[in-house]
Amino acid sequence: MTVGSEADDGDLDGYSRRRWAALLVTLVAVLIDMVDSTVLNVALPSVQADLDATSTELEWAVAGYTLAFAAAMITGARLGDRFGRRRLYLTGLAGFVVTSTFAGLSVNSEMLIASRVFQGAAAAMMVPQVLAMLQVDFPRAEQPKAMSVYGMTFAVGGIGGPVLGGVLLEADLLGLDWRPIFFINVPLGIAAFVAAAFLTRESRGAQRESFDVPGSLIATLGLLLLLFPLVQGRELDWPWWVFVLMAASPPVLWLFVRYESRVKRRGGSPVIDPELFRHRGAVGGLLVAVLFFSGMAYQLVLTVHLQQSEGYSPLRTAVALATFTVGVGIGSAVAPKLMVLGRLVVLLGCTVITVGMALTAAAVDRYAGSLEWWHLAPGMVVAGLGLAMVAGTLMTIVLAKVPKSASGAASSMINTSIQVGVATGIAIVATVYFAMLEGGEPPTDAAIGGVLTVIGLYVLAALVALVLPGGRVSADDVPGADSHPQAAATDQPFAPEHGSADARTAATS
């Protein structure tokens, strides 16, 4: 018998009695990933002063983690399906502990950047496994509650990252300055590893398919050809070969799509199902996701400006930026009811977040030299509302018209697009901000320039959103929305292919 079909009648045979404890332990991976993707932001001025880092090196320290996570996430999910999700979770967690240690011990910016890149890759190995293990370890009746706990972890991590960074920097533990923001992962990770080794059980994908290594390498190369010139170009004074690399990115990504089509025709298992790119909603939604989440680079601009120009402490900076999350929380109560309007909600959300950023830029300008967190709060809260409106709606639009065979690829791709968008935004917005700052512009003007660049990205996202299919959509249109993975009544449950797709977007909304 299968557990999934019997669980609705109260039969829990085949499900571990320790599943809730196992879930809480594995969620440590999600928590420390969310914290580490944001915690460095508030520490950037301290890192720059301690390691004598350039502004470009600061960009790489932030973007390197996100880019590595984006490039390796689908790979991590596939490896978990093939070799065992528990095994990949523990391997990724161990790698995260080691790379966090090296990040904290960094003696120069190069060591910090390398540690952050490998840290992001380790996160990509462990995080996708959590959702897959949740789906096979819990009966259908318990999955909504388990998913709620999973989603709350994202919220806690999103808020807790900057705040925790501010607290640790303020405390200056053992005179270590910014380094404890990474060292704190070590005891947490070791405890989670030991507990997970005892509490979790192994699961794999129903079909143990071959892994498309060339496809992964081509996709990663295409992303690097775009992002490396954007981040490094300003420091190199924009030599001609930087533009050649950027121009080469679209052809390489096109080659990736063609290669994946050939892999599928030969009966192989492509990294991304090329069927996805035949659907207007999917392609449009992915492009909007990249542009929309590029705007999150506002955090880097405001963090540096508040601490270096307005005299904020790291903790005070974290409190000022946390008001954005308040808007996300408020918007999350309304967004699901508006989601059925589809493209209209995306356009409205882009407009709302643009207004929020405009209010933020106005506050930075008007209160220059005496800027308080409550001056920023109205713009931050409004911007958070816009994010809540767009995030979940994009996921629904992308999945709504995609056939069931491509739904796993679409789910993975939109989350990868978000990570690529964040890394791209850091490259573009930070280039504008630091170029103005280092070019002798007043700090306030440079900060406004950075925020105006963010506004431009949101306007561009709204224009691209016009290509999304019109009409109403709902979660019921999403392939598999009413289905749940079934687990075999053994210690080796199996889930459908792509069950390990990351769910940051769903949790955000």
Side-chain angles (χ1 to χ4, degrees), residues 36-38 40-41 44 47-48 53-73 109-110 112-117 119-121 124 219-253 286-305 357 415-439 441 446-461 464:
D36 272 68
S37 65
T38 57
L40 184 59
N41 285 332
L44 289 176
V47 171
Q48 185 173 33
T54 66
S55 57
T56 300
E57 288 167 341
L58 291 182
E59 292 175 49
W60 276 115
V62 177
Y65 180 96
T66 303
L67 180 59
F69 188 98
M73 183 174 62
S109 55
E110 291 81 6
L112 177 62
I113 292 168
S115 299
R116 289 284 288 172
V117 169
Q119 193 182 35
T220 302
L221 175 62
L223 294 175
L224 288 175
L225 286 173
L226 173 64
L227 294 176
F228 177 81
L230 285 174
V231 175
Q232 205 69 30
R234 177 177 50 83
E235 186 169 278
L236 298 174
D237 198 24
W238 300 106
W240 64 267
W241 57 264
V242 164
F243 299 98
V244 172
L245 290 181
M246 285 192 285
S249 178
V252 171
L253 293 176
L286 295 175
L287 290 174
V288 173
V290 171
L291 292 169
F292 184 84
F293 285 93
S294 294
M296 297 306 292
Y298 81 87
Q299 295 178 345
L300 185 148
V301 173
L302 290 183
T303 295
V304 175
H305 178 69
M357 285 292 111
N415 286 286
T416 301
S417 297
I418 290 171
Q419 303 305 316
V420 171
V422 171
T424 303
I426 291 170
I428 295 173
V429 176
T431 294
V432 173
Y433 171 61
F434 286 120
M436 291 181 68
L437 203 60
E438 294 167 4
E441 296 288 341
I448 293 173
V451 177
L452 289 178
T453 305
V454 168
I455 291 174
L457 291 169
Y458 287 134
V459 171
L460 188 57
V464 174

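Quick note: numbers below take in every heavy atom, side chains included, and nothing from hydrogens, waters or symmetry partners. In this text the structure is predicted, and so the values were computed from the model without any measurement. Numbers for residues simply follow the sequence, beginning at 1.
- Distance CG/L460 to CD1/I455: 13.5 Å, rounded to 0.5 Å.
- Q48 is not listed as a side-chain neighbour of E57, based on a closest heavy-atom distance of 4.5 Å or more.
- Listed here is the closest heavy atom pair of V117 and A68: O-CB, 3.1 Å.
- Contact check for L44 versus V62: side-chain heavy atoms found under the 4.5 Å cut-off.
- T453 places a side-chain N or O within 3.5 Å of a backbone atom of G449 that can act as its donor or acceptor partner.
- Under the 30°/60° scheme for interplanar angles, the aromatic rings of W241 and F228 are found to lie parallel.
- You'll find the side chain of I426 reaches within 4.5 Å of the side chain of L300, heavy atoms only.
- In terms of modelled atom types and a separation under 3.5 Å, the side chain of R116 and the main chain of A61 share a donor-acceptor contact.
- Minimum interatomic distance between L457 and G295 (heavy atoms only, all atoms of both residues): CD1-N, 4.2 Å.
- The shortest non-hydrogen separation linking S417 to V290 is O-CG2, 3.6 Å.
- For G450 against V301, the heavy-atom pair with the smallest separation is CA-CG2, 4.3 Å.
- Across L223, L286, L226, T66, a single residue satisfies side chain to side chain contact (heavy atoms under 4.5 Å, CB included) together with V420, and that is L223.
- Heavy atoms only, all atoms of each residue included: T424 and S294 are closest at CB-OG, 4.1 Å.
- A 4.5 Å side-chain heavy-atom check between V304 and Y433 finds at least one atom pair inside the cut-off.
- Heavy-atom minimum distance, M246 versus P229: CG-CB, 3.5 Å.
- One distance of note links CG of L40 with CD of Q299; it measures 11.5 Å at 0.5 Å rounding.
- Annotation: side chain of Y298 is in contact with side chain of M296 (closest heavy-atom distance under 4.5 Å).
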